[in-house]
Amino acid sequence: MAAPDKVTDLTSAVATHVRDGMTVALEGFGHLIPFAAGHEIIRQGRRDLTFCRMTPDLLADQMIAAGCVSKLVASFFASGSAGSLREVRRRVESADPAPLEVEEYSHYGMVCRYQAGAAGLPFFPLRSYAGSDLPKLNPLIRKVSDPYGGPDIYVVPPLRPDVTILHAQRADRSGNVQMWGIVGAQQEAAYAAETVIVTVEEIVEEDVVRSDPNRTVLPAHAVTAVIECPGGAHPSYTQGHYDRDNAFYREWTPISRDREAVLDWLEEWVHRVPDRAAYLDKLGAERWAGLGVAPRPSQPVDFGRRVAQEAS
Amino acid sequence: MAAPDKVTDLTSAVATHVRDGMTVALEGFGHLIPFAAGHEIIRQGRRDLTFCRMTPDLLADQMIAAGCVSKLVASFFASGSAGSLREVRRRVESADPAPLEVEEYSHYGMVCRYQAGAAGLPFFPLRSYAGSDLPKLNPLIRKVSDPYGGPDIYVVPPLRPDVTILHAQRADRSGNVQMWGIVGAQQEAAYAAETVIVTVEEIVEEDVVRSDPNRTVLPAHAVTAVIECPGGAHPSYTQGHYDRDNAFYREWTPISRDREAVLDWLEEWVHRVPDRAAYLDKLGAERWAGLGVAPRPSQPVDFGRRVAQEAS
Amino acid sequence: MSTTFSDVAPSSTEFLAAVAARQLVGKRRVFAGVGLPTLAVDLARRTVNPDVELVYESGICGAQPEGLAEGIADSVLVSGAAAVLSMPALFGYVLQRGHVDVGFLGAAQIDRWGSLNTSFIGDWDRPTVRLPGAGGAAEIMPNAGECIVVLRRHDPGALPAELDFCTSPSPVRAHQEDPRMVPPGHGVSTVITPMTVLRRPEKLGELEISEVHPGLTVDDVRAATGWEIAVADDVRETARPTVEEVRLLREEIDTVRLYLR
Amino acid sequence: MSTTFSDVAPSSTEFLAAVAARQLVGKRRVFAGVGLPTLAVDLARRTVNPDVELVYESGICGAQPEGLAEGIADSVLVSGAAAVLSMPALFGYVLQRGHVDVGFLGAAQIDRWGSLNTSFIGDWDRPTVRLPGAGGAAEIMPNAGECIVVLRRHDPGALPAELDFCTSPSPVRAHQEDPRMVPPGHGVSTVITPMTVLRRPEKLGELEISEVHPGLTVDDVRAATGWEIAVADDVRETARPTVEEVRLLREEIDTVRLYLR
């Protein structure tokens, strides 16, 4: 049985699947953030995107500054050690240089939206928001009554991105994707989408994936395109491959304060860089080596192989 | 940090946590079926249990025949190659020797009940049942209206067992449980319960579990008691440890047809057998060896270890 | 090679499996239970559709079994599979989200609209026969692109005017409950029995006789059906299995005669 | 050993972390964010509660980090952890199901009922400051057994009579919306500021001054609070951190001075 080969390059994947005005989710909760894909979207000059991401951080600041985004759907507008996102703040606080529409939830609210989208449900209930101003701010947060006589409960609507883009450790050529470490709500964000693009640290042989089927977070049927893109999550990290570039996050804070500095940075690190390989070259071997991790392998588990049994 | 030791023996675990009249879930979808625990419940003569299991099979037939169960909550009343469950049928079709109350759902209906129970939700929506007679048969299957203007959708109520009992490949002494192969709805069935008992093929060192945290299906906080019980899933199987005893399932069909034969079987294989070790002795080394599987290890993945980074 | 046809009886598993396999031309993903559907999918892979993918309700995707599976939760389906998903993910994200093209179902009773009874024969409270119940069929029917039903019997008891109980409803019944609740799936598109192949071209329409097995007539099928069954404009004789199809089933797929009796 | 007290300033991270750590006596499971809460939990483990377990909203349970974590998604928290759960499981099964005893929260504003604002300062549509928003706080507040809030400022702006926006509501506000929607959790039980420790003994009650930091008076705290704040019957002086607690924080927990400035 020859499964279709879904391996392509990032330029073609973005050119083919990401179009102006689309709703695009780039997920990864502090881990496996698809920066390389985000930069490719900036490079190709996409406009008017509705950008979905639970924790818009540097990547959101960059894509918004680049003018790709007209609306943000999110639940936390800051970036741990990098502090607040000045580009986001400029637009929200003073429409500078342009206003930014924001549709706001809590973390679990976003997770539930992805779950509803992934499961084809009209809504998903959660025990948050009673007494909160969030439903007043966001009329899409609504209530349903409990047919079993309990109190009303708040629900959120499904989130169904046109495209969801993720980064993972590995996949086979047919698109079976495996990830480990923090997996966030990536499985839900992918199943919720019409099209799913996944960049991976490495394309592996089918038997690597099939040696551990429980490790597969996205089966091939849920994946549209797979791209081998080592270092694709920098400055965030990939468990077992490279660590988070904390210095980079700290360096962003002063850049983010000044819009011109942000644009200069984008010119230097995105527009003048053809792809992720060139970006890593520019970053330099020494800095990259400084993000390396020592091996800490999982202990294998046994899936077993049938020994012929009497079919008595 | 010294986590509490949750390792105990099956006799004490059942004696302590499973009481007459309780709602008890024994889950495992064709794999990891907790037969040893079910037999211990029979041995201790529990009565009036509400027995929850998506696919009541031999285990249900045995526990019902033993008189432990007054009500069954399930979604499929048969057992693959073993055909229909005659003890269940005798009671439902002719109240012989006593009637059996049945609360019936579809598979996904049961999964959704466990999800609602696990997440503390008052109900869980699913796109099944429109036009079906099941909601007439089971008035707990109800409808809610979509606050976003779509059609009504059916919902099921949470299932919150007093005790959920599972079998798994391994756990550490503090109760972090890891399983692989078919995992069904076990994580949901466990989180839905007040008390969780898990029998495992082996208790392993903490660092075995911690070498692969993504493999942990139940963190220690969700587990009450852990029992080392090799072979605890026979005649079902444990991926990578031993295969399903298909002959045993076939042998059950004629036994199941005759209530006396069932009672004789229970006397011989449950009441006269103190524990699972004795049961395996009785089964015999040769038959057990025939269920063995050849090794097929997963390829390890790397979780990485931090190399000191400048906190510049 | 010139195709030679086998003379296996239309009621045989070989015949039904071969006819079922041919329904899978061009389908990507099949949700199947154990037994005859497994044989049909395996045969389709070796003949009309090498790429067809099988999804099991146990959560297994992309299985590459080294032996014939005995049951949908067989360990041979897990070892070497592309993925094993939890049941919330399998039923919610794969099936309910619409990733399954074809569902294979069996039933004790089917009505003219393709609604199925797998729950009770007789009265609900004190049935003469307690059947296995819904299982995943109540989810497959509304959410799979279409469903193929294989029946081992064809008589007015198995194809009655009225079901004793509706476990897995046709879109027609969903429409009767609430036109807005009509599910995404077509419902039953094809029924394969020991006598005939029935098709249901319209999502809200009735089953009609499309093919009649060798040696039988439309009237035979009508007489064995519990309602005034419609007849397609162009009824054909069902093509027999080829000798090669039967050989594959017996000598390569079910060598231990687990399902072929 | 005889306990000797440190003279670190009540506004210092060391002071706040030490006071926070003492709140964890007898608690099993803490849901914490990065920064001061991490220091407090780590200190508690080394002092008053060796068994306290930390759960991170990133899905990590039973972390045993080999280094100080920079962020709740730091790879050092994953390597060697007991479990990493998906976010649906973490928020749904662990938090919403009631497995978390204590949630640590920060806020830009807190009101007398312990409702929090982490969203906007000023007008919602055109805020003077766009704050980070809800994150997981809107889930932690209703579902954790109780919440401990640490504030870096204590003035009428941070403790106003009226919040500019209520992101994470007290059970009091839930009760105002619908008495039946009062969540299982107590809401905010304790507020630690550079001036005082406030407590809220009643689930539907107000915060009251319980401890006042060394060198300050109840009137100082009152004057710095935006509402007529209640005073407990037995107000104590906040116990200073011990020299040992400060040493642990500086020399064993945050050796790189990531959070201790």
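Labels below follow one simple rule: chain letters A, B, ... track the order of the sequence lines, proteins then strands, and each chain is numbered from 1. Here the structure is a predicted model, which is why all the values come from computation and not from measurement.
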Among the options [options], pick out the one with the most heavy-atom pairs lying under 4.5 Å from chain B.
| options | value |
| --- | --- |
| C:A81, C:S168, C:P183, C:G80 | C:G80 |
| C:V78, C:T167, C:V76 | C:V78 |
| C:S58, C:G92, C:S115, C:P171 | C:S58 |

According to side chain to side chain contact (heavy atoms under 4.5 Å, CB included), who are the partners of B:R259, at least two apart in sequence or on a separate chain?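 If we apply the side chain to side chain contact (heavy atoms under 4.5 Å, CB included) test to B:R259, skipping adjacent residues, the hits are B:A65, B:E87, B:R90, B:R91, B:P97, B:L263.
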
Working to the nearest 0.5 Å, report the span between [atom1] of [X] and [atom2] of [Y].
| X | Y | atom1 | atom2 | answer |
| --- | --- | --- | --- | --- |
| B:Q187 | C:S86 | CD | OG | 7.5 Å |
| C:L131 | B:F76 | CG | CZ | 10.0 Å |
| B:N246 | C:D74 | CG | CG | 6.5 Å |
| C:D123 | B:E93 | CG | CD | 12.0 Å |
| C:E57 | B:H107 | CD | NE2 | 4.0 Å |
| B:D133 | C:D164 | CG | CG | 10.5 Å |

Which atoms of C:V129 are under 4.5 Å from chain B, going by heavy atoms: the side chain, the backbone, both sets, or neither?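 Contact with chain B: backbone and side chain both.
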
Please classify the contact of C:T128 with chain B as side chain, backbone, both or neither, using a heavy-atom distance under 4.5 Å.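 Just the backbone, heavy atoms under 4.5 Å.
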
Which heavy atom of [X] sits nearest a heavy atom of [Y], and at what distance?
| X | Y | value |
| --- | --- | --- |
| C:E177 | B:Y129 | OE1-O, 4.0 Å |
| C:S119 | B:E104 | OG-OE2, 4.1 Å |
| C:C166 | B:S132 | O-OG, 3.3 Å |
| C:L258 | B:R250 | CD1-NH2, 3.9 Å |
| B:A130 | C:P169 | O-CG, 3.1 Å |
| B:G150 | C:R180 | C-NH2, 3.3 Å |

Residue among [options] with most heavy-atom pairs under 4.5 Å to chain C:
| options | value |
| --- | --- |
| B:S128, B:G240, B:A95, B:G181 | B:S128 |
| B:V111, B:V183, B:V217, B:I182 | B:I182 |
| B:H31, B:R127, B:Q186 | B:R127 |

Is it true that C:S79 and B:Q239 share a donor-acceptor pair across their side chains at a distance under 3.5 Å?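 Yes, C:S79 and B:Q239 have a side-chain donor paired with an acceptor closer than 3.5 Å.
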
Chain C contact via B:S236 - which portion, at a heavy-atom distance below 4.5 Å: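 Neither; nothing under 4.5 Å.
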
Quick check on B:M54 against chain C: is it the side chain, the backbone, both or neither that has a heavy atom closer than 4.5 Å?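 Contact with chain C involves the side chain of B:M54 alone.
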
Looking at B:Y108, B:Y114, B:F29, B:F124, which hits ring pair (Phe, Tyr, Trp, His ring centres under 6.0 Å) with C:F91?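 Of the listed residues B:Y108, B:Y114, B:F29, B:F124, the ring pair (Phe, Tyr, Trp, His ring centres under 6.0 Å) partner of C:F91 is B:Y108.
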
Side chains of B:E188 and C:P88: closer than 4.5 Å at any heavy-atom pair?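 Side chain of B:E188 against side chain of C:P88, heavy atoms only: contact under 4.5 Å found.
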
Inspect the surroundings of CD in C:E202 and state if more than 12 heavy atoms from other residues, nucleotides or ligands are less than 6.0 Å away.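 Count not over threshold, so no.
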
Applying side chain to side chain contact (heavy atoms under 4.5 Å, CB included) to C:M87 and B:E27, what does each step give before you reach the verdict? CA-CA 12 Å; C:M87 290 183 84; B:E27 282 297 351; over 6 Å; no

Please output the residues of residues 133-145 of chain C in contact with chain B, using a heavy-atom cutoff of under 4.5 Å, in numerical order.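 If one takes a 4.5 Å heavy-atom cut-off, the residues of residues 133-145 of chain C near chain B are C:G133, C:A134, C:G135, C:G136, C:A138, C:E139, C:P142, C:N143.
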
